[in-house]
Amino acid sequence: MTTATTSREPQRISSLAARLDTILTDRGIDATAAPAEAPSERVTALELAEARIPPRYRDALAGHEQVAAWVDEVALAARPGPRACLQRLLIGHHMTHGAAT
């Protein structure tokens, strides 16, 4: 045994479980509830990204010119997904061959 493990008494699992239960209760989480089932429908990357944004910031707008310029710079530097590439091809095709009106 190392000195780190022999310098303190081991904690019992029941005391750890009690601490965890207290933390979950303080946060309003029911420890006995079954976990939610995974969504059956597909979730897009945009939806996953939006879910990570705190609710108070989801509808935020860039009102400062430097912030808006930075957002535009980042968006333009981003690698487009397959659908965006296809759309660019189609838009380019319509622009060179005339779009149906």
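All values below were derived from every heavy atom in this structure, side-chain atoms included, with hydrogens, water molecules and symmetry-related copies excluded.
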Sequence neighbours left out, cut at 3.5 Å: what donor-acceptor pairs do the side chains of residues 69-78 make with other protein atoms?
none

Worksheet item: Could you give all pairs that pass the side-chain hydrogen bond (donor to acceptor under 3.5 Å, both in side chains) test and reach residues 47-69, with sequence neighbours left out?
Response: T44-E47
Fill in: Separation of D21 CG from L16 CG (nearest 0.5 Å)
12.5 Å
Practice prompt. Quick one: list whatever passes side chain to side chain contact (heavy atoms under 4.5 Å, CB included) with L24, sequence neighbours left out.
Written response: L20, I29, A31
